[in-house]
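Remember, it's 1-based here, ligands and their atoms both numbered in the order they're listed. Position 1 is the first residue of the sequence, and the numbers go up from there.
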Amino acid sequence: MNSHKEISIIGVPADFGQSRRGVDMGPSAIRYAGVVERVEALGHIVRDEGDIPVDMDAPREVSGTNLKNLKAVTEGNRKLAEKVSETVRDGRFPLVLGGDHSIAIGTLAGLNEHYSNLGVIWYDAHTDLNTAETSPSGNIHGMPLAVAMGLGHGDLTSIGSGPKVKPENIVVIGARSIDPGERELVREKGIRVYTMHEIDRDGMTAIMQDAIRYLEERGVDGVHLSLDLDGLDPLYTPGVGTPVQGGLSYRESHLAMEMLHSTGRITSAEFVEVNPILDERNKTADVAVGLMGSLFGETLI
Ligand SMILES: NC(=[NH2+])NCCC[C@H](N)C(=O)O
Ligand SMILES: [Mn+2]
Ligand SMILES: [Mn+2]
């Protein structure tokens, strides 16, 4: 077994970035599925830091805004950014457990304190590139990647300092539900998006090789993996709030994680959108933990 890491698990029990309750229980479900034991068994030193304090009683804005629960999302992300930054400063690998995908705003803000040319792999059915102007839902979990590029509401973009990720350092894998405004932004900014079309056509091996080579050519000083469990087909991960048919398979996803592991370049990760209320016997959390196993070096023999 190669290079052991000191890993900090950071739970973010937040569901304000979307409208279906239950995703705040994601961190519990993932812990219950055995994340600590699974990663420790690979020889890493794992510290469960517990959960970021999230005010679940904060009032919810049901309608009348295209940035639902902006205040609660902003507050939670400020705390998360601080925790992630501290973790990296201490030389530890942040493994963030969501929570809905809006928490990537805080994760990336925290990472930004330590990386000047961060690469991001966004494993997702969606591109999460909306702003209040383009969002069809007003759900902030559909916006974090735009926010990280410095686009969107000032309360969100001002968490941490400046833009967090350059558009040319982003790779999206598994996209199959893209809103018109997102498509425009992908084209305008030249964001590297591997949709299901390219993955079906070329196969996951070629796609991952290409994605990894692309980021290496950009000279990134770290690579963050942001994995939305809805990137996989709902057949494997039914416990998500915005499932989209025709997704990545269980095998393709393990292969992707194994290939990322073998690069030795992943410096942080987050697994988001696990909603135990929508799940079947904690299946989605189990898959998440299995993928973490592959990401951290599990092999069959
Ligand atoms: N992280 C996610 N699951 N995002 C889903 C976003 C869905 C849709 N594009 C929206 O903006 O509302
Ligand atoms: Mn998604
Ligand atoms: Mn997402």
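- Near Gly142, the atoms of ligand 1 lying under 4.0 angstrom from a non-hydrogen atom of the residue are 6 (C), 11 (O).
- For atom 4 (N) of ligand 1, the candidate residues are Asn130, Leu129, Ile103, Asp128; the nearest heavy-atom contact is made by Asp128.
- Note: angle at the Mn ion (ligand 2), from OD2 of Asp228 to ND1 of His126, is 160° (rounded to 10 degrees).
- By the criterion of a heavy-atom distance under 4.0 Å, the side chain of Glu273, and not its backbone, is placed next to ligand 1.
- The distance from ligand 1 to the heavy atoms of His101 drops below 4.0 Å at these ligand atoms: 1 (N).
- Thr127 approaches Ala175 most closely through the heavy-atom pair CG2-CB, 4.1 Å.
- To the nearest 0.5 Å, the span separating NE2 on His141 from CG on Asn130 amounts to 9.5 Å.
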Inset, instruction - Please report the C-alpha distance between His224 and Val165 in whole Å, then the side-chain angles of each, then the deciding distance to 0.1 Å, and finally whether the side chain to side chain contact (heavy atoms under 4.5 Å, CB included) criterion is met. - result: CA-CA 10 Å; His224 174 64; Val165 192; over 6 Å; no
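- The closest protein non-hydrogen atom to atom 7 (C) of ligand 1 is His126 CD2, 3.8 Å.
- Close contacts between ligand 1 and Asp228 involve ligand atoms 1 (N), 2 (C), 3 (N) [criterion: under 4.0 Å to a heavy atom].
- Among protein heavy atoms, atom 10 (C) of ligand 1 sits closest to Ser137 OG, 3.5 Å.
- If you put the vertex on the Mn ion (ligand 2), OD2 of Asp230 and OD1 of Asp124 sit 140° apart, to the nearest 10°.
- Distance CD/Glu188 to CG/Leu129: 11.0 Å, rounded to 0.5 Å.
- A distance of 11.5 Å separates CD1 in Ile212 from CD1 in Ile207, rounded to the nearest 0.5 Å.
- Considering every non-hydrogen atom in both Ile159 and Ala109, the closest pair reads O-CB, 3.5 Å.
- When all heavy atoms of Lys68 and Ser137 are compared, the pair lying nearest together is NZ-O, 2.9 Å.
- The closest approach of Asp128 to the Mn ion (ligand 3), by N/O/S atoms, is made by OD2.
- Looking at atom 9 (N) of ligand 1, its nearest protein heavy atom turns out to be Asp179 OD2, 2.7 Å.
- Relative orientation of the Phe93 and Phe296 rings is perpendicular, given thresholds of 30° and 60° on the angle between their planes.
- Screening Phe16, Phe271, Tyr123, Trp122 against His101 for a ring pair (Phe, Tyr, Trp, His ring centres under 6.0 Å) leaves a single residue, Trp122.
- Closest approach between the Mn ion (ligand 3) and any N/O/S atom of His101 involves ND1.
- Those atoms of ligand 1 with a heavy atom of Asp230 less than 4.0 angstrom away are 3 (N).
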